[in-house]
Enquirer: 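Okay, handing you the structure first.
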Protein chains: 2
Amino acid sequence: MIDKDKYRERIIKASSEIFSRYGYNKTTMDEIARALRKGKSSIYYYYKSKEEIFEAVIDYEAQVLKSELSAVIKSTDDPESILRRYVEVRMNSFEKLSNYYNAIFSSDLSHFDFIEKQREKYDRMEEAFIRYVLWKGTRSGHFNLNDTGLAALAVHTALKGLELPLFWEKRSYEMEIRLDAIINILFYGIVRK
Amino acid sequence: MIDKDKYRERIIKASSEIFSRYGYNKTTMDEIARALRKGKSSIYYYYKSKEEIFEAVIDYEAQVLKSELSAVIKSTDDPESILRRYVEVRMNSFEKLSNYYNAIFSSDLSHFDFIEKQREKYDRMEEAFIRYVLWKGTRSGHFNLNDTGLAALAVHTALKGLELPLFWEKRSYEMEIRLDAIINILFYGIVRK
DNA sequence: CGACTCTTCGACCGGATCATTCTAAGAAAG
DNA sequence: CTTTCTTAGAATGATCCGGTCGAAGAGTCG
């Protein structure tokens, strides 16, 4: 009874690894059980279904990413390198999770409406993060913006534009260039001369 | 009629990517077909079975690795850096193919005796490669060996010892260290003082 | 035009796999 | 001994997947 939460956590961590590697469909409950050295039915004692585990995993990953990004924006570096590191962390994480994305973007959206909500929640959080970075940068005189809210929206949209290629191509030199280009363009429009 | 071989090649290249990502079992014929934008049954016009495709893919990958390694040992650098680059290329390739390995090391070895043969063939080739590098190095005075054949066997065995962790752990800092250690040890025992 | 070959594909089949349930039985606690 | 917590082997029903078959475009030759 005591360890129930602990066990749930272990399940999430193991599942997270397997899901991120193979995606939702290709991951089997047997594999998850094997990774935990437990019988398959034991897992059903802690989670009601595969879908519920997936849900929890998505939640967990979002949490991890959030805390990583949170750490970045709280650092005392200059705003410019904070923004750079923010983008870097974000893209690395998305690349790692591209298998989830493949799962999400495939046929069965019907059952996965919780992802829609997760996504929205995450979008709002991210916008707030960016707004905060921009606001701090403007305050300290590094950036030159009169409407940080609008600018945050723009930056956020630009970053989202970089996500899509992750489903199609694998990360390439092409992409590094594009990423660098977009961030530099953002800067030249943002940084005080 | 003309393009049949061309098509087989396309199938191999597409399959190679999917197999290396998901392993044998988790790769479906439908996926291969989808990647080629063809119907599943069309593929059976070019290859008799999934196993036959897998066989061809393994063959193709071995060919690629062989030519890469061949290019390395033919370079005119000093023997020491050739050997270093040889190990590097070899390990990178093996890492990329670790999913095949997982497939190979799983249950159904019964049907995959061709892999045994492939493996033997490749082992002999690799030993010859290493022997050649060691021989060239000895000849130019960089190495100090009186039996290059035996030394090649030793080096080859040592490198094979590095393969196993690839199935268990993912590449880590730990492994970099181990790789570096083994290659340095080999050198200090080999290089003329 | 037809006869003939080359190539593609949708529909289907039977066996395998998978998520999920059920039942029972070790532990642990009281 | 009874009760609660935890595990797992076996069973089940639904889905998936490798492989087959027959038909039908699409050229090609006479």
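Numbered from 1 within each chain, the chains take letters A, B, ... in sequence-line order. It should be emphasised that the depicted structure is a prediction, and the values quoted were computed from it without experimental measurement.
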Enquirer: So if I take residues 31-39 of chain A and measure heavy-atom distances to DNA chain D, which residues fall below 4.0 Å?
Expert: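 Close to the strand are A:K38, A:G39.
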
Enquirer: Starting at the 5' end of nucleotides 13-20 of chain C, put B wherever the base has a protein heavy atom under 4.0 Å, S where only the sugar-phosphate does, and a dash everywhere else.
Expert: -----SBB

Enquirer: Within the structure, does a side-chain N or O atom of B:S42 lie under 4.0 Å from either OP1 or OP2 of C:dT7?
Expert: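 No, outside the criterion.
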
Enquirer: Could you tell me which residues satisfy salt bridge (charged side-chain N to carboxylate O under 4.0 Å, His left out) with A:K50, sequence neighbours excluded, listed by chain and number?
Expert: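 Result, salt bridge (charged side-chain N to carboxylate O under 4.0 Å, His left out) vs A:K50: none returned.
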
Enquirer: Considering residues at least two apart in sequence or located in another chain, which fulfil the salt bridge (charged side-chain N to carboxylate O under 4.0 Å, His left out) criterion with A:D147?
Expert: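 Once residues adjacent in sequence are excluded, A:D147 has no partner under the salt bridge (charged side-chain N to carboxylate O under 4.0 Å, His left out) criterion.
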
Enquirer: With sequence neighbours left out, write down each residue that passes ring pair (Phe, Tyr, Trp, His ring centres under 6.0 Å) with A:Y60, or none if nothing qualifies.
Expert: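 Partners of A:Y60 by the ring pair (Phe, Tyr, Trp, His ring centres under 6.0 Å) criterion come out as none, since no residue qualifies.
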
Enquirer: Mind calculating the distance between OH (B:Y45) and P (C:dT8) to the nearest angstrom?
Expert: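 Answer to the nearest Å: 7 Å.
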
Enquirer: Measure the distance from CG on B:D5 to P on C:dT7 and round it to the nearest whole Å.
Expert: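 In whole Å, C:dT7 P and B:D5 CG are 11 Å from each other.
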
Enquirer: Sequence neighbours excluded, which residues qualify as salt bridge (charged side-chain N to carboxylate O under 4.0 Å, His left out) partners of B:K38?
Expert: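 Salt bridge (charged side-chain N to carboxylate O under 4.0 Å, His left out) check on B:K38 returns nothing, list empty.
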
Enquirer: So does B:E31 pair up with A:K26, basic N to acidic O under 4.0 Å?
Expert: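 Salt bridge flag = yes for A:K26 with B:E31.
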
Enquirer: Considering residues at least two apart in sequence or located in another chain, which fulfil the salt bridge (charged side-chain N to carboxylate O under 4.0 Å, His left out) criterion with B:D77?
Expert: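 B:R85.
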
Enquirer: If I take atom CD1 in residue A:I43 and atom P in nucleotide D:dT6, what distance separates them, rounded to the nearest angstrom?
Expert: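 Atom CD1 in A:I43 sits about 15 Å away from atom P in D:dT6.
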
Enquirer: Students often get this wrong, so: under 4.0 angstrom with heavy atoms, is B:Y46 touching a base, only sugar-phosphate, or nothing?
Expert: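 It contacts sugar-phosphate atoms only.
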
Enquirer: Does B:Y46 have any ring pair (Phe, Tyr, Trp, His ring centres under 6.0 Å) partners at least two apart in sequence or in another chain, and if so, which?
Expert: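 Only B:Y7 meet the ring pair (Phe, Tyr, Trp, His ring centres under 6.0 Å) criterion with B:Y46.
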
Enquirer: Suppose we screen for side chain to side chain donor-acceptor pair (under 3.5 Å). Which residues come up paired with B:R84, at least two apart in sequence or across chains?
Expert: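 Side chain to side chain donor-acceptor pair (under 3.5 Å) check on B:R84 returns B:N184.
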
